[in-house]
Amino acid sequence: MDLRAELLKSIWYAFTALDVEKSGKVSKSQLKVLSHNLYTVLCIPHDPVALEEHFRDDDDGPVSSQGYMPYLNKYILDKVEEGAFVKENFDELCWTLTAKKNYKPDRNGNSVVSHQDAFKLWCLFNFLSEDKYPLVMVPDEVEYLLKKICTAMNVELNSCELDDYLSQEPQGQGGLTVWQFLDMVNSGRFLRGIEQEAISMAVEEVYQEVIEDHSFDLGVSRAQGYLWKKGQLRRNWSERWFMLKPSVLSYYMSEERKEKKGSIALDKHCCVEVLPDRDGKRCMFCVKTPSRTYEMSASDTRQRQEWTLAIQTAIRLQAEGKKSLHKDLKQKRREQREQREQRKAAKEEETQRLKQLQEEKERKLQELELLKEAQRQAEILLQEEEQRRRQQHEEMQRTLEIQLREAEQARASMQAEMVLKEAEAERQRKRILELEEMQERLQEALQQEVKARQDEEAVRYAQARLLAEEEEKLKQLMKLKEEQEEYIIKTQREKQVLKQEMENKNKCLEEAQKQLEEVRVNRQRVDQDVMAAQRKLRQASTNVKHWNVQMNRLMHPIGPGDKRTNVSGGVFAGYQPLLSRRDSSLK
């Protein structure tokens, strides 16, 4: 279970707590506040522009969890860095939101666990719950968590009573929600006679073992505490507060962890050894790394055993590439549950198959009984059929004997008749020979008559063929005669048409000659008109030049000492191009 999945579980509780109407949607203003708080507790730089842009009020209605997930993944979860924030603060934020709505302890103060213990149980529930929503914890994990709490209190859990309780719950077989789990713990059914302080200490111990400093879940009780450490240079002994994580063993001046004095990197090349007592120190052990050996002393043998076990577990997990023993154990328990489910399903399938085989066997036995009964009936019918057949055979034999005697009698009478028939047959053969000779003579005469008729038919056929040829030739002659008459008529008609066309063409030619004469006369008349027009045009041009000269004289009076200039142009000079164009057009 990675960090993102852990954070999503807690955020899911916060989101569902804000869903007051249980519609699967939350208002945008509440999501803004939730996102702002997540930014704070996860130590992520705030991005108010992206926040306002994603939750702008340009559309109506609340946002569903699926609508919130893109923003949550992009702007929050993708920016989370492991170790950069305090996981407990994040869990407290989500617990505060969800507990206010869903957690309902006893109002009279008779709850078995305190509010803080309920928070820790909630964190443990999230860690052990299935990675499916809505979150539930399967009965095996419920029993595992309760056993750890009871073991911390040196109390034995009553598993039978737990099974009865889970069987009575409507959804107990599929798993418990966190609120059902807290109600079960607060009911005191499994923790009778135990003081609240003892329960709180047990919950704290399990919480410290499984959840505290979530980057390491080594699964051992000793993960931090005071130890004596021998210096490297001065070789003196100093008491330091040690804290164990999966890959490093850090030590501080005090348990406040304000001043860090150093750290020991743990990997697969490190090892832990127990040392004999010396230098006035007892319960000694050392941590050997490739570069240095660290000597330490515990207060007692039990503390040394816990520390050596914890460090060895951290080194083993580091060598195996794992960060959490509890996560590994949880995964193994899940695999075991799946294997049990598979075995159970296989067993049920085998039982079902055996049941089907038993039913098939019973059905086949019934069929066998039916077959035996049918065989007995068939034997009875066969005996009856055999008896009936025997009777029929005897009757048939008697009948055949009677028929045989009758046949003997018939044979004797037939032999006598055969003698008579043979004599009659001899007479018939002689008669047949006579008739055959007569038939041969008749056939010869018939053949002669047939030949004569065939000759007559041949002559008639030849005569009919000649008549047909003569008739065909007559038809051809008549057809040629008709074609000749039609051609003569057609020729005369064409001759008349040609004659008429010649007359029409002569008339047209005469009319064309007349029109040509008229055109010639008109052309001569037009030529005369053109010549007259040219004469008039030349006369008009002469007059225009004259008047142009006169006009120039009038427009330019003669001054004293001025020479007379011969002005060829004037007011009427502009008419010359027009006159020249008119002459050309007339030509």
Side-chain angles (χ1 to χ4, degrees), residues 1-17 33-45 72 76-77 79-103 105 113-129 135 137 145 148-149 152 178-179 181-182 185 197 199-225 241-250 252 254-258 260 310 314 323-327 330:
M1 184 170 61
D2 57 0
L3 180 61
R4 179 185 290 261
E6 295 177 14
L7 298 178
L8 274 176
K9 285 186 177 182
S10 300
I11 295 173
W12 178 78
Y13 279 110
F15 185 90
T16 54
V33 175
L34 175 61
S35 302
H36 190 275
N37 290 330
L38 291 176
Y39 274 122
T40 302
V41 296
L42 294 174
C43 300
I44 300 173
L72 183 64
I76 298 179
L77 296 181
K79 298 179 181 180
V80 173
E81 296 181 1
E82 188 170 358
F85 66 98
V86 180
K87 179 68 165 51
E88 186 175 358
N89 295 339
F90 169 78
D91 289 334
E92 284 182 353
L93 169 65
C94 298
W95 163 255
T96 303
L97 291 173
T98 187
K100 185 177 180 181
K101 177 184 177 183
N102 298 301
Y103 182 53
V113 295
S114 63
H115 191 80
Q116 187 65 20
D117 293 337
F119 161 69
K120 294 174 183 177
L121 289 173
W122 178 77
C123 295
L124 292 168
F125 180 93
N126 288 345
F127 180 80
L128 297 174
S129 62
L135 296 173
M137 188 160 58
L145 180 55
K148 286 194 72 68
I149 295 173
V178 65
W179 314 118
F181 175 71
L182 291 176
V185 175
E197 184 178 356
I199 296 174
S200 181
M201 291 177 63
V203 171
E204 175 66 20
E205 182 177 344
V206 177
Y207 179 80
Q208 290 291 334
E209 177 185 343
V210 178
I211 303 297
E212 185 62 23
D213 195 2
H214 202 53
S215 62
F216 97 109
D217 298 329
L218 297 174
V220 294
S221 60
R222 178 60 60 184
Q224 56 186 353
W241 176 266
F242 281 81
M243 176 171 288
L244 179 61
K245 295 185 178 180
S247 60
V248 66
L249 176 62
S250 304
Y252 303 83
S254 63
E255 58 184 319
E256 285 80 11
R257 294 183 292 177
K258 293 181 179 179
K260 185 176 181 180
K323 293 186 178 181
S324 171
L325 178 62
H326 280 290
K327 292 178 182 176
K330 176 187 174 184

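No side-chain heavy atom of Asn89 sits under 4.5 Å from any side-chain heavy atom of Thr40. Looking only at side-chain heavy atoms (C-beta outward), Thr98 and Trp179 come within less than 4.5 Å of each other. Contact annotation: the side chain of Ser10 approaches that of Trp122 to within less than 4.5 Å [non-hydrogen atoms, C-beta and beyond].
Residues that satisfy the side-chain contact (heavy atoms from CB on, under 4.5 Å) test with Glu256, not counting sequence neighbours, are Ser254, Lys258. Residues satisfying the side-chain contact (heavy atoms from CB on, under 4.5 Å) test with Val33, not counting sequence neighbours, are Asn37. Under the rule for a side-chain contact (heavy atoms from CB on, under 4.5 Å), the partners of Ser114 that lie at least two apart in sequence or sit in another chain are Gln116, Asp117, Gln196.
Note that CG of Leu7 and CG of Leu77 are 6.0 Å apart. Values are rounded to the nearest 0.5 Å. Within the model, atoms CE of Met243 and OH of Tyr252 stand 6.0 Å from one another, a figure rounded to the nearest 0.5 Å. Between the OG atom in Ser35 and the OH atom in Tyr39 there is a gap of 7.0 Å [rounded to 0.5 Å]. In this structure, the separation between CD on Glu88 and OH on Tyr207 is 4.0 Å, given to the nearest 0.5 Å. Rounded to the nearest 0.5 Å, atoms CG (Asn126) and OH (Tyr13) are 5.0 Å apart. With rounding to the nearest 0.5 Å, the separation of OG1 in Thr96 from CG in Asp91 is 10.5 Å.
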Practice item. Could you walk me through whether Lys148 and Leu124 pass the side chain to side chain contact (heavy atoms under 4.5 Å, CB included) test, one step at a time? Key: CA-CA 11 Å; Lys148 286 194 72 68; Leu124 292 168; over 6 Å; no
Exercise for review: Determine, step by step, whether Phe85 and Val41 satisfy the side chain to side chain contact (heavy atoms under 4.5 Å, CB included) criterion, reporting the C-alpha distance in whole Å, the side-chain angles of both residues, the deciding distance to 0.1 Å, and the verdict.
Suggested key: CA-CA 7 Å; Phe85 66 98; Val41 296; over 6 Å; no
Practice item. Test Leu182 against Val185 for side chain to side chain contact (heavy atoms under 4.5 Å, CB included), laying out the working first. Key: CA-CA 5 Å; Leu182 291 176; Val185 175; 5.5 Å; no
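Between Leu38 and Phe90, the shortest heavy-atom contact is CD2-CE1, 3.6 Å.
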